[in-house]
Each structure stands twice: as C-alpha cells, then as structure tokens.
Amino acid sequence: MMLRTPGLTASLFLVAAAGAVGCATDQPTLGETRAASTVATFGNTSGGCSTSVVLGLSTQIAQEAACLDPDSFVSFENDPGMDITSSAVLPYLVAGARADLDKVAAQESLQINSALRTIAQQYLLYNWYLEGRCGITAAAHVGNSNHEGGRAVDLANYSSRLSIMANHGWAHDVPGDVVHFDHTSSPDDRGQDVLAFQKLWNLNNPSDPIGEDGDYGPQTEKRLKASPATGFAKGATCATSQSAKAVTVSVDGPDHIDSGATAHYAFTVQNASQTDWSDTTSIAVRSDQPSQLYDAGSWASATTIGTVPGTVAAGDMVTIEFDVQAPTVTADLPIAEPLVLMDGGAVVGTINFGVTVTAHDDDGASSDDSEPDPAPPVTGGCNTGGGSAGWLAMLAPLALVIRRRRRA
C-alpha cells in the first residue's frame with residue numbers, strides 16, 4: 001500500500017501489507033522526504049492540539065538563549081523526581097527556578113504539564129485560542145506569556161504540592177489557572193526566546209535578515225510562520241546543541257488519551273551523535289518495567305516497541321511511529337514513559353514520552369494550559385498558514401514505521 005502523508009512532512013513511503021500489520025518482525029519500506037512543514041502549517045484549523053509538533057525549533061530556541069546567557073533556560077530533562085506528563089513539555093527553566101524546583105522534587109515528585117514555552121509554541125496556542133479550539137479559554141499574546149520567561153511551571157499534581165512549592169519560592173496566584181506556578185524571585189526573561197529566534201533566523205537566512213531586538217513584531221512573526229517546525233539546518237551557536245546523543249524534533253500525537261482508547265504517535269528523532277546507529281537499534285521503555293501504555297498488537301513486548309530497520313547515519317533523522325493502548329481509569333492519570341534507543345546494549349538516545357489518560361472525553365485538549373494575557377495585543381496579529389497537521393487520523397494502525405531522512 002502506498003500512502004502520501006501530509007502534516008509533519010510531505011513524504012512518500014510504503015507500509016507493510018495489511019496482513020503483516022501487528023507483527024513486530026515485519027518492517028515497512030522506507031521513503032524519501034519531499035518537504036518539511038512550517039510553524040504556520042500547524043496553526044491551521046485542521047491540526048491537532050499539541051505544541052510538540054514544533055519541539056525541534058523550540059529546543060533550538062532554548063539552546064540559543066542559553067548560548068546568549070548561561071543562566072537562561074537551563075535543562076532539567078534528567079533531573080530526578082520530575083515526571084514529564086506530555087511530549088510537548090520543553091524541559092527548561094531559568095537557573096534559579098530550576099534550582100528551586102529541584103529542591104521540591106528532591107522531597108516530593110512533580111508531574112510537569114508545562115515549563116518553558118517558546119514563541120513557536122505560544123504562536124500555536126494563541127491561534128488555537130482565537131479559533132476556539134483545544135479547550136483553551138484564555139491565552140497570552142505571543143511574547144507575553146509567563147512561560148516564555150522560563151520561570152513558570154504547570155503541575156498535574158498541583159493540589160498536593162501547594163505548601164512545598166510555596167516554601168521554595170513558587171507562587172500560586174494566577175486566578176483561574178490552578179495548575180500554574182511562578183518563580184517570582186527569578187528574572188523575567190520574556191523576550192529572550194524572541195531574541196534567540198531572531199538570531200537563529202539570521203544565521204540560516206543571511207539574505208533575509210531581521211532586527212535582533214527581542215521584540216515580537218510583524219517582521220518576526222512573518223519569519224516565525226515560515227520557519228521549519230522541526231528546526232533550522234543550523235542550530236544553536238554554542239556547544240549546548242551538541243550535548244544530546246538524540247534530539248526529538250517533533251512529536252505528532254495527542255497529549256491526552258481517553259480511558260481505554262488506542263492512540264497513534266510519530267516521533268521524529270535526529271541522530272545528534274558522531275556515530276551511526278546500527279540496524280539492531282531498539283526502542284524500549286527506559287525503566288525496563290512493563291509499560292502502562294503497552295499495545296499488544298504493535299509492540300514487540302511490554303518493554304520494547306521495536307527495532308530500527310536500517311542504519312541511521314550521524315546527523316540523519318528518523319520518524320518512529322507506533323500505537324499505545326491507554327489503561328482504563330476512573331480519574332485522570334498522567335503517565336511519564338521515557339523511551340531509550342539501545343544499540344548493542346548501550347543507550348544511544350532518549351525520548352521523553354508522556355501522556356495524560358483522561359477519565360472523560362476532553363477533545364484532545366492541549367496540556368499547555370492557558371493563562372490570561374496581562375499585556376495589550378501585539379501589532380501584526382497572528383494569522384494562520386495553510387496545510388494540515390491532523391494527518392495521523394488518516395493512517396491505518398501500523399506496527400512500527402521508521403522513515404529516515406537527512407537533515408538539510
């Protein structure tokens with residue numbers, strides 16, 4: 001069967017015959033990427049409700065901000081006691097906020113729905129809010145969200161963490177946003193993400209430069225909408241961007257799954273190391289414990305999803321697609337299920353996978369919770385672009401699909 005899949009990339013690939021779907025040993029034929037989606041593509045009304053589709057660009061923005069100021073946007077990705085409940089979460093905070101959150105997590109575990117949010121993510125949320133989508137009842141204009149300053153977090157288990165968060169400098173005082181906390185003693189770095197984006201744009205588009213002033217105006221918005229969702233060819237200008245062996249550049253799939261339902265995901269991961277990944281590289285649950293999201297019809301086992309069918313060269317990207325089966329729940333259940341890429345017994349990369357299983361249908365609402373906008377509207381508006389981001393619904397269930405492509 002031959003399918004053309006819009007959305008994450010406009011690519012052409014072959015999948016295993018229908019009779020082979022569900023067999024972990026059968027692998028599809030790989031295809032070639034034709035064109036990458038832009039940020040504006042995912043602001044379209046036909047898209048999904050997760051900002052994880054711009055994770056690659058957002059990560060580059062966070063890393064470039066850290067190049068400009070080492071205390072700005074420090075990663076807490078591997079810090080103990082922090083469970084990331086959605087693949088859309090960008091695990092960065094300013095240094096002081098990260099340090100105090102670590103103190104909380106050392107005593108009480110935290111279920112993190114949202115942390116740093118870049119202008120690329122906020123652009124999507126604000127557009128979805130204007131369109132009345134994704135359950136977003138209020139959203140800050142791009143450039144004005146507290147999350148863009150890297151000193152805000154949203155916690156799924158907020159109600160039992162109010163006292164300990166307050167004891168470590170986290171205020172819980174945004175009306176109507178019960179999951180939201182602000183680290184008020186940290187500097188407000190809103191605008192740092194804008195400046196970082198402007199520098200990345202100019203680095204990659206020397207013939208179409210924009211001012212590097214940290215202000216989100218019409219010219220910056222125009223370039224943001226035209227930027228590749230998976231990130232620029234040239235990333236952050238310092239060694240920060242090379243710290244990971246694997247970089248998740250996009251996730252297409254829901255932040256929320258209904259109780260007992262099946263959902264489909266596509267993770268696009270770049271081999272950021274200097275070494276090729278062999279054709280025996282497997283995708284497995286990091287804890288080595290049976291996954292709560294195990295899908296018997298498509299996973300190789302309760303702890304292993306499948307194996308990469310072919311060598312992934314250093315610098316190349318692969319798209320890993322698989323199904324998950326949500327457990328039956330009577331109350332919302334956030335699940336953090338980090339994955340690892342294993343090659344010959346060695347971990348060659350990690351994937352932050354998280355989702356919230358909901359007891360009731362929530363129409364796929366974004367886990368990036370909304371917040372009131374304290375500032376007046378930014379001139380230039382937020383117009384959406386063309387294209388479709390909801391392509392996963394058109395696919396039949398697949399065992400494991402890996403699409404390889406080389407970063408331009």
Side-chain angles (χ1 to χ4, degrees), residues 51 62 71-117 121-122 125 135-140 144-190 255-256 287 292 327 329-338 352-360 362 365-374:
T51 63
D71 288 334
S72 181
F73 307 160
V74 181
S75 175
F76 61 82
E77 180 175 359
N78 297 313
D79 295 4
M82 299 191 197
D83 292 329
I84 295 176
T85 66
S86 164
S87 300
V89 174
L90 196 62
Y92 291 83
L93 291 169
V94 294
R98 182 264 184 107
D100 276 348
L101 199 66
D102 275 338
K103 294 175 183 177
V104 175
Q107 301 176 59
E108 301 284 352
S109 63
L110 299 174
Q111 297 172 336
I112 300 176
N113 289 345
S114 184
L116 172 66
R117 193 183 299 153
Q121 294 168 308
Q122 195 66 28
L125 291 174
I136 301 173
T137 57
N144 293 326
S145 169
N146 287 344
H147 284 277
E148 288 180 73
R151 62 172 189 168
V153 294
D154 295 342
L155 301 181
N157 57 341
Y158 70 93
S159 61
S160 59
R161 301 295 184 263
L162 296 176
S163 294
I164 191 170
M165 288 289 283
N167 291 340
H168 292 283
W170 288 91
H172 184 256
D173 55 5
V174 177
D177 198 354
V178 295
V179 300
H180 184 91
F181 294 82
D182 286 306
H183 193 259
T184 54
S185 64
S186 287
D188 187 346
D189 275 356
R190 278 178 291 186
D255 290 330
H256 297 71
S287 67
Q292 296 182 76
V329 299
T330 56
D332 290 0
L333 176 65
I335 297 177
E337 192 70 279
N352 277 325
F353 180 35
V355 69
T356 297
V357 180
T358 57
H360 304 286
D362 65 357
S366 173
S367 66
D368 288 298
D369 293 272
S370 56
E371 61 186 335
D373 186 353

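Predicted, not measured: the structure shown is a model, and the values here were computed from it.
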Quiz item: Are any non-hydrogen side-chain atoms of Val357 and Gln292 less than 4.5 angstrom apart?
Solution: no
Self-check item: Side-chain heavy atoms of Met82 within contact of Asp102, under 4.5 Å
Solution: yes
Quiz item: OG1 of Thr51 to CD of Gln122: how many Å apart, nearest 0.5 Å?
Solution: 9.5 Å
Quiz item: CG of Asp189 to CG of Leu116: how many Å apart, nearest 0.5 Å?
Solution: 10.0 Å
Quiz item: If you take all heavy atoms of Ser109 and Arg161, which pair is closest and at what distance?
Solution: O-NE, 2.9 Å
Practice problem: Could you tell me which non-hydrogen atom of Ala97 sits nearest to which non-hydrogen atom of Gly150, and how far apart they are? | Solution: CB-O, 4.1 Å
Quiz prompt | Pairwise distance CG(Asp83) to CD1(Ile335) - rounded to 0.5 angstrom | solution = 11.0 Å
Quiz prompt | Donor-acceptor side-chain pairing of Asp154 and His147 below 3.5 angstrom | solution = yes
Quiz item: Are the side chains of Leu101 and His168 in touch, meaning some heavy atoms are under 4.5 Å apart?
Solution: no
Exercise. Please name the residue in the list Leu333, Thr356, Leu155, Asn157 that meets the side-chain contact (heavy atoms from CB on, under 4.5 Å) test with Gln111.
Key: Asn157
Quiz item: Say you draw a straight line from CD1 of Ile112 to CG of Leu90; how long is it, rounded to the nearest 0.5 Å?
Solution: 12.0 Å
Quiz item: How close do Ala152 and Leu93 get, heavy atom to heavy atom, and via which atoms?
Solution: O-CD2, 3.6 Å
Quiz item: If you take all heavy atoms of Ala139 and Ile136, which pair is closest and at what distance?
Solution: CB-CG2, 4.0 Å
Quiz item: Between Ser87 and Phe353, what is the shortest heavy-atom contact and its length?
Solution: OG-CD1, 3.3 Å
Quiz item: Quick one: are Val89 and Asn352 in side-chain contact, heavy atoms under 4.5 Å?
Solution: no
Practice problem: Say whether, by atom type as modelled, one donor and one acceptor occur between the side chain of Arg151 and the main chain of Ser186 under 3.5 angstrom. | Solution: yes
Quiz item: Has the side chain of Arg190 got a donor or acceptor atom that lies under 3.5 Å from a matching backbone atom of Asn144?
Solution: yes
Practice problem: Work out which heavy atom in Asp255 is nearest to a heavy atom in Val355; give both atom names and the distance. | Solution: O-CG2, 3.2 Å
Quiz item: How are the rings of His172 and Phe181 set to each other: parallel, tilted or perpendicular (split at 30° and 60°)?
Solution: tilted
Quiz item: Taking the side chain as C-beta and beyond, is there a heavy-atom pair between His183 and Val94 under 4.5 Å?
Solution: no
Quiz item: Atom CG of Asp100 and atom CG of Asn167: how far apart are they, to the nearest 0.5 Å?
Solution: 11.0 Å
Self-check item: Value rounded to 0.5 Å, distance of CD1 in Ile84 from OG in Ser86
Solution: 9.0 Å
